[in-house]
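Data block below; observations after.
These figures come from a predicted structure and were not determined experimentally.
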Amino acid sequence: MEGSGELPGPQPPHPGDHRIRDGDFVVLKREDVFKAVQVQRRKKVTFEKQWFYLDNVIGHSYGTTFEVTNGGSLQPKKKKEEPTSETKEAGTDNRNIIDDGKSQKLTQDDIKALKDKGIKGEEIVQQLIENSTTFRDKTEFAQDKYIKKKKKKYEAIITVVKPSTRILSIMYYAREPGKINHMRYDTLAQMLTLGNVRAGNKMIVMETCAGLVLGAMMERMGGFGSIIQLYPGGGPVRAATACFGFPKSFLSGLYDFPLNKVDSLLNGTFSAEMLSSEPKDGASVEESNGTLEEKQTSEQENEDSVAEAQESHHPPEQERMEIVSQDPEYKEPKERGSKKDYPLLECYTKLRERGGVINLRLSETWLRNYQVLPDRSHPKLLMSGGGGYLLSGFTVAMDNLKADLSLKSNASTLESHTTEEPAAKKRKCPESDS
């Protein structure tokens, strides 16, 4: 597109970028659960069955941990030194501990009374420890596990982190995997690498992952270069892109183009009037991105509804093209074995038959998380069944390919003629006068 090469560069980082400001998009973290929200004063946020306001997070640094207090107020949590292993009183094993439900002296009514009095979750956990008759007989590992379990239940601790590709992809994969076609974060990382996404590129992207792939590309390019987003339907969907909270300078190099007009563009019959004459729903899509928190709250309340999964495609980048697509794995049993289960396999076969693509590869990644703790490092019991299939390759211009083939055939013919050397003439050696 004209003028895309003279894009204004991104603005220099603001001195307060490491601090949370009003209107910023942030990610709330509690244990391994994430939620993306926009910071607004006096706006109630619901997260993990807790409601609170984000007014007090403004001005604090990203990564600060807060505790939910009375009235939904957030207060920075001070770090407390954990007792060393030498000062802990622990048993040697758990063989004599019987889980009969009678080891805890505090009843549910007592715990509820403590909450009604405004006692903090940390103090409630401490009282549970003191009133447990079997806590000191547990091993050190069992004690840590007990404390972690009680803290998760009674302490309302929330950490505010800055959005990133990894955090948002993990959040979507855990909360709404159907909206990103069950694309795992390691699969997304491979797509960015195979697509050679970097600053200064001119990229084209077509995806149906709520704008997560687009946002990942924009983050990696850092505001340098240009991106054309091809979209089906009435307008581009950028709900996940809005969660990144990119500055306006990043959006100056972002363009969109309807997918149903690509043929007319290639045929030379496209005109700008064709876009202006069509009703565009992009405005409504952009406006819906501003109400991200309410939308996610309603989706959290209706978690039983399953979103329809679609294929994700990662189109070309100038001379080098990476064909990347996503194959959802949760097909209905009646569709198993049908042709719909192999979009990518059919595409792979067609590309092999047509030619013009080198290093064509269809792959699936395998990922397993590990718990790394002293004397307790082991693979986690639960793991993902699959992160999708990737089809990648390097394209070769077809015109150049035909020319190379003709040159190669002429060269091979010439080589066959030159290799057929005439037989060496026999020279008669003169007889010696001996």
**Study point:** All ring pair (Phe, Tyr, Trp, His ring centres under 6.0 Å) counterparts of Y173, not counting sequence neighbours
**Key:** none
Exercise for review: Could you tell me which residues satisfy side-chain contact (heavy atoms from CB on, under 4.5 Å) with F270, sequence neighbours excluded, listed by chain and number?
Suggested key: F257, K261, S264, L265, M274, L275
Point to revise | Residues forming a side-chain hydrogen bond (donor to acceptor under 3.5 Å, both in side chains) with E219, sequence neighbours excluded | key: T165
Revision key, fill the gap. Contacts satisfying ring pair (Phe, Tyr, Trp, His ring centres under 6.0 Å) that involve residues 354-373 (not counting sequence neighbours) are none
Review point. Who passes side-chain contact (heavy atoms from CB on, under 4.5 Å) against T241, sequence neighbours left out?
Key: L214, M218, R238, F246
Practice item. Just jot down the salt bridge (Lys or Arg N to Asp or Glu O under 4.0 Å) partners of R41, sequence neighbours excluded, or say none. Key: D22
Practice item. Determine which pairs satisfy salt bridge (Lys or Arg N to Asp or Glu O under 4.0 Å) with at least one residue from residues 58-77, sequence neighbours left out, and list them in order. Key: K77-E122
Study note, to complete from the structure: With sequence neighbours left out, the residues meeting ring pair (Phe, Tyr, Trp, His ring centres under 6.0 Å) with F52 are none
**Study point:** K248: partners by side-chain contact (heavy atoms from CB on, under 4.5 Å), with sequence neighbours left out
**Key:** none
Review point. Looking at residues at least two apart in the chain, or sitting in another chain, which of them share a side-chain contact (heavy atoms from CB on, under 4.5 Å) with L381?
Key: none
Point to revise | With F66 via ring pair (Phe, Tyr, Trp, His ring centres under 6.0 Å) - residues at least two apart | key: H60
Practice item. Please list, chain by chain and in numerical order, all residues satisfying salt bridge (Lys or Arg N to Asp or Glu O under 4.0 Å) with D186, sequence neighbours excluded. Key: R184
